[in-house]
Structures are given as structure tokens and as C-alpha cells.
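What follows is one structure encoded as C-alpha cells, with my remarks underneath.
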2 protein chains.
Amino acid sequence: MGKKASPGRVGIAAVAAAAGVSPATVSRVMNGNYTVDAQIAARVRQVATELNYQPNPLGRSLVLGKTETIGVIVPDLANPTFQAALHGVSRAAAKDGYRVLIADSAETTSEEPILSSEMRRRCDGVILCAPRMSIEQLSGIAESLRPLVLINRPDDVPETPSFSVDYGHGITELAEHVLSLGHRHIAYLAGPARSVSHGVRLASLEKFAAAHPEVELRFLEAGSSFESGHSAVDKVLDAGVTAVLAFNDLVAMGLLSGLHERGVKVPEDISVTGFDDIPFASYTMPPLTSAEVSIDVVGERAWQSMRGLLRKEPAEGPLKHTFEPTLRPRGSTGPAPRG
Amino acid sequence: MGKKASPGRVGIAAVAAAAGVSPATVSRVMNGNYTVDAQIAARVRQVATELNYQPNPLGRSLVLGKTETIGVIVPDLANPTFQAALHGVSRAAAKDGYRVLIADSAETTSEEPILSSEMRRRCDGVILCAPRMSIEQLSGIAESLRPLVLINRPDDVPETPSFSVDYGHGITELAEHVLSLGHRHIAYLAGPARSVSHGVRLASLEKFAAAHPEVELRFLEAGSSFESGHSAVDKVLDAGVTAVLAFNDLVAMGLLSGLHERGVKVPEDISVTGFDDIPFASYTMPPLTSAEVSIDVVGERAWQSMRGLLRKEPAEGPLKHTFEPTLRPRGSTGPAPRG
DNA sequence: CCGGGCGAAGAAATCGTTTTCGGTTGCTGG
DNA sequence: CCAGCAACCGAAAACGATTTCTTCGCCCGG
């Protein structure tokens, strides 16, 4: 076993032999090193195209010490947020000639560190997207992962660029929006307990509640999916609130659907807000009030930061970047019912 | 430039030196080759963990001739269908210790062949997901891409495993469903012209129309997004049909929303069907009749096929696998209005 | 006429592994 | 007592490129 590539494989040596030059010369030609005679270069180029020679990336990588590849690690590839982030990174990296190796940690916190360093050894850098691992674990391996860029990780990791959506600010704006509409009994349909972005929302809402003693804010468990919103309808009705801040648009849409089945009118009886402003949000019935976050832009910016690190450009500006969601008031929120 | 890895880098040589053995022995120990003295092996292992030595995958790959990585090429990472396929492949491959390198061709047909072979050189195999390139181009490069597996590519490429959803069968079932409900004036809201899966639907519907001269089947341009469905509402009303087969669930939901704004009742006035049975489909108002396709399962099966090729297992069974969507009749379709 | 300098191309070292191939032990059976 | 045979370990040759480092030839000035 371990039989090498088929003997017919065209390597640099084959080209060199066919062109009657040394491998070194072929390499120089392929890399646009102009210390080679124009005539010879032309012949080499022709032979190369004739044999359809393409330099083996592994050989190059080994000697060059770089793979032109970065790793992106997400907790769950099925989650639209991470898909969008991956999309943003991938598109931006491709523009600069980089590829992305992807890893889905499947939410297994314990495997993340291993997965990350495993990946780092194959790539020139790593982008961690909303890593679930603890801050201790993260700072423990951060050094060995560099160049490292974080997405949606609120913690501060020294010397590490971080790009994240300010979920706290967004949810606060939504809360203030319904507050300004006169609502005093508000519920938050919570996301998955492990989600950091849920934690951030929670903290901000508690601050909001403290600042507004006149409102009664209730926290109800839900999740991050359409189904969890749909099945939370009973809890919501029992809570007797007039406005619901859902963890995200999916949950809000599920709730909308459930309320509709119960004959509850939105926004006349209950106002509902989402989060993320996914494309469907404008087309629900009624259109969903939400907070727009363009996570793919975050991914794009994360790549640009990574590119800077790879080029060893001196870091400029702050390391920590936060993106403010923008409020999108629509038909699903209205004045609080008189009562 | 070209400065090598920092001198502190622990390679197999460093471990060998520290343990007082040759690199060969270290390699044998790391690979579980038991022709090495237990005592020495133990010492090597200890030194390895002390130095935190991890074999460089590039070095291994170069000599082993394999990277334990496969490439997945999709036309558009923002498309939920391809995201799901990627997810399926990625999860399944990860279970077998393989990573996936991903490429988003951004729908640029011309770049696909270059992108694919570029990718192939870094990976042990390639999975092409709904490639937009022509069958000529595809069969032209297929040989150089092997091991190669196709997803959602209806053409027959010799010797190449192919996994695809039978969109034709699915749309026919939906058409027969509304036919059986008494509808005779039916519209198809077409998908993007370049989409192969749209082409398949179209062909099947024409066959359906030919087989049922009593129905009037109209083809209306739309697209693949929520918005395109929403903006197609006028066309649909003008067409004077009683049932609409939308390209996919997103389009159907957009249409649903548009019809609702116009005060058109579903399914009393118009029946609507989607395609894909995305999670929200059950929760629209009314719940959307659709055809369920589990594209992530397709991705998973595609990986299993790829794994077989990588292991050089003799191909068993047919190369071409089609997955039948299953009809999910729900509230958005009902008896044709009397008239 | 000859040596210094320069430009171009080849030889060889390198990157970090694996693996073949020998060579050294130590042991056993004749 | 020694041939033969394991068992085990190290030297060295891959893998496929890049990049020194050399060498060679040529031009030009002294």
C-alpha cells in the first residue's frame, strides 16, 4: 500500500524533462520569476500546457509553509445564521484566492478545541463562529490557533479580532419600540440556553426591565426554531401579555401561526417582534417587526480581518467590532390594547 | 520571504531527538505500528505529548497521496437547498474522519470546470452539487475529477454515481393532486431559467399537460425567492386560474402572502402548492401543500458513495439514484371553486 | 589578453512525513 | 558452536514543489 500517484502523473519533473530544462527553471517560469530566458520560458509554458501541468498544491504548501486555505468552524451548519456567516466568509475569501475548509462541531462543546487545532494544522488561519466552548478553553487554545478571528463571541480574547452582532442593543431597541407603543406587559420567548446570543439578549432585557419598573417583563422558554415558537403559544396566552419579543424571526413566525390558529389578532390583541429580519419577515401576515442584522457582512469583514493577519499587516483600529442591528418596524406591532 | 516555520516548531525530528530515537521510530509509534519495543514506544509517546507534537498533515498527505478531504462545489451557498446538501455531506463525511473543502461557484458557469479541478488537486475527491456547466463540459472534465459524485444533476455521466431528487415526479404528483380536486385551470410559477431542477419540472408538466387535454396549464415566470412569489400575484390573478403550482415553498409562501393582501382566499378561491416541504411549510396560513424532499439525506448518501470510491470498493448496484419526493397535502389546496 | 562582474540555468537542500531496505541484536535448534 | 531467523531500529529514498547555492559563459574594462 502507499502506492504513489500513478506513474503517468505529470509533475514538475515531467515538464522539465519534456522541455529539456531543470525543474528549477520550470518552477521559476510557473511563478513568473523573470530571470529566465524568454525563449526558454515560452517553451516551458507551451510544454506545461501541452501536458496540462498544474503544480501540486501539497508540494507547494509544504515548502511555502502556507495552504491558501482558512478554516471556519460553526456549531451547526443547519442554522441559517451560521450558514449566512459562512457564506459571507466564503465569498470574500474566494475573491482573494483563498479556500475555506469547513467544520461543523455539531454543538459538541468538548470537541471544539480538538477540532479547531486539528483544522488549524491544515489551514493558514481559523475563524471561529460563535464557539460554544468556555472562555477558559478558548483563551487556552487561542494562542495556538493564531491567526484567529472570532465571530459572534462577546467575550474579550486578547489580541484577537472579533466581529459580532450587538444582539443586546437590538433586543433593547425592540423592547423600547413596544414600550413606546404603550405595552406594559411584555414576554421574551427565550432561545436555546447554550446560545451565547441568547445570553446577551437576556442580560440586556434584564437591564431594560430594571430601567423601566413600570413594565412587567416575563421570560418564557422557547427555542430557536419555527416549531418552538408555534408550541409556545399556550405559554404566551397564559402569561397574559400584550407584546412578545421572540428570540428570532423563526420563533416569531411560529408564534404568529399559532396565534392565528387560536383566533388571536396581531397586532390588535398581541404585538409580536422577531429578530434577524430574514427575507420572509416582510411577507408574513402581518409583516413582522424585526431587527435587521446582516450576518454575511459580518462574515465578510471577518475575512478581511483575517486577510490582514495573514499578510502580517500591522493591526489598525480596534480589535473588537460590533454591528448594530437596525429596527424594522412593521405590521406585527401596534398600540397596546386599551384595558 | 519564504521563511520557514518558526524554529521552535516541533516536528517529528524534534521528538526523535528528544526521545533519542530516529524519526522512523517516532513515525511508527504515532501510526500504531507495533514492530517497536514497548518501552521505547512509551517513551516516544510521552515525549510526544510533552512537546505537544502533532504530525503535520501536509507532510503526511504528500507522502501518503491522500488528504482525507473532499471538495464540495455548489452554485450558490445562499441557497437553502445547497446549504442542506452541504450539511448532509459534511456531517456524514465528518463521521468518517473526512473534512470538506467548500467552493461557491457563484453561479458562474464558465468558472466551474476550473474551480473543480483546482479543488480536486487539494482533495481526494469531488462532489459536484447541481453543477450549472453543460453536459459537454461536465463529461469533458469528469475523468480528471474522479473520484466524482454528482448531486442533482439529471444527465447521465458514465461511471459516475449520481444522486438526485426526482423533481419531475414530485411536481407531477402535485399536479395530479390538484387535478383530483377538480381544478382544470392551473398555473406553474416557474423557477430561475438556468436551474436544472426547474427544467425538469417544466418537462414533466408538459408531459402532464399532454396527458390531460382537459386541463389548461399556464406557465408564468417567477423565480426561486419569497419576493418573486409575492410579486407574481398579479400575473396569477390575471391568468384566471384556480390552482397554482409554485416552483418551491418560498415562492408559494410569497404568493400566499400576496393573495392574502388582495383578499383572495386560499384554498376557497385559489389552491396553492409549494415544493421542498421546508419546515415552515406546515405553519403557514393555511398550511402549505408541498412535496417533501430531504436533500440532506441525498447529501449523506452522496458521501457514502464517495467513501466507497475512496476505498476502491467495487461499485455495487446502480450508479444513478433518484429520491422520490412525497406528497404532503395540507390546507392550501382544496376543491376547485364551482363555476 | 585577462579577470571581475553579471545573468541565466542547473545541482542540491529543504519542507515534514512515511516506508523500504539493511544492519544489529539476541535467540534457537541442529 | 554456529547458521539462521526473528525482532527491532536507523539510514535514506521517496512525495512535489521552491529556493538557495553553484557553476558556467559572456561581456567589458583595464
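First the proteins, then the strands, lettered A, B, ... as listed; each starts at 1.
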Among C:dA8, D:dA17, C:dG10, the one nearest A:Val21 by side-chain distance: C:dG10

Per B:Ala24 side chain, nearest of listed nucleotides C:dT18, D:dA11, D:dC8: D:dA11

Closest listed nucleotide, where the reference is the side chain of B:Ser22 and the choices are D:dA11, C:dA8, C:dT17: D:dA11

Between P of C:dA8 and CD of A:Gln39, the distance in whole Å: 13 Å

Heavy-atom side-chain proximity of B:Ile70 to B:Val126 below 4.5 angstrom: no

Atom-to-atom span, NZ of B:Lys66 to P of C:dG16 - whole angstrom: 22 Å

Protein-nucleotide distance (A:Tyr53, atom OH; D:dT18, atom C1'), rounded to Å: 10 Å

Interatomic distance where CG belongs to B:Asn33 and C1' belongs to C:dT19 [whole Å]: 10 Å

B:Glu107, B:Glu111, B:Glu112 screened by salt bridge (charged side-chain N to carboxylate O under 4.0 Å, His left out) with B:Arg132, the one that passes: B:Glu107

Among D:dA12, C:dA9, C:dC15, the nucleotide that comes nearest once only the side chain of A:Leu62 is considered: C:dC15

Length of the CZ-P vector between B:Arg122 and D:dA17, whole Å: 13 Å

Residue B:Asp37, side-chain atoms from C-beta onward, closest of D:dT19, C:dA8, D:dC8: D:dC8

Atom pair distance, as rounded to whole Å: CE in B:Met30 and P in C:dT19: 14 Å

Donor-acceptor pair between A:Thr160 and A:Arg146 side chains, under 3.5 angstrom: yes

Touch class at under 4.0 angstrom, heavy-atom based, for B:Gln54 against every strand present: sugar-phosphate

Side chain to side chain donor-acceptor pair (under 3.5 Å) between A:Ser110 and A:Thr108, worked out: CA-CA 6 Å; A:Ser110 55; A:Thr108 56; 5.3 Å; no

Partners passing side-chain hydrogen bond (donor to acceptor under 3.5 Å, both in side chains) against A:Asp124 (at least two apart in sequence or in another chain): A:Thr67

B:Arg60 CZ to C:dC15 P, straight-line distance once rounded to whole Å: 19 Å

Closest to side chain of A:Ser27, choosing from D:dG16, C:dG10, D:dT18: D:dT18

Sugar-phosphate, base or nothing in reach of A:Val26, heavy atoms under 4.0 Å: nothing

OP1 or OP2 of C:dT18 under 4.0 Å from side-chain N/O of B:Asn31: yes

Phosphate-side-chain proximity, A:Thr25 and C:dG10, N/O vs OP1/OP2 below 4.0 Å: yes

Rounded distance in Å - CZ (A:Arg28) to P (C:dA9): 8 Å

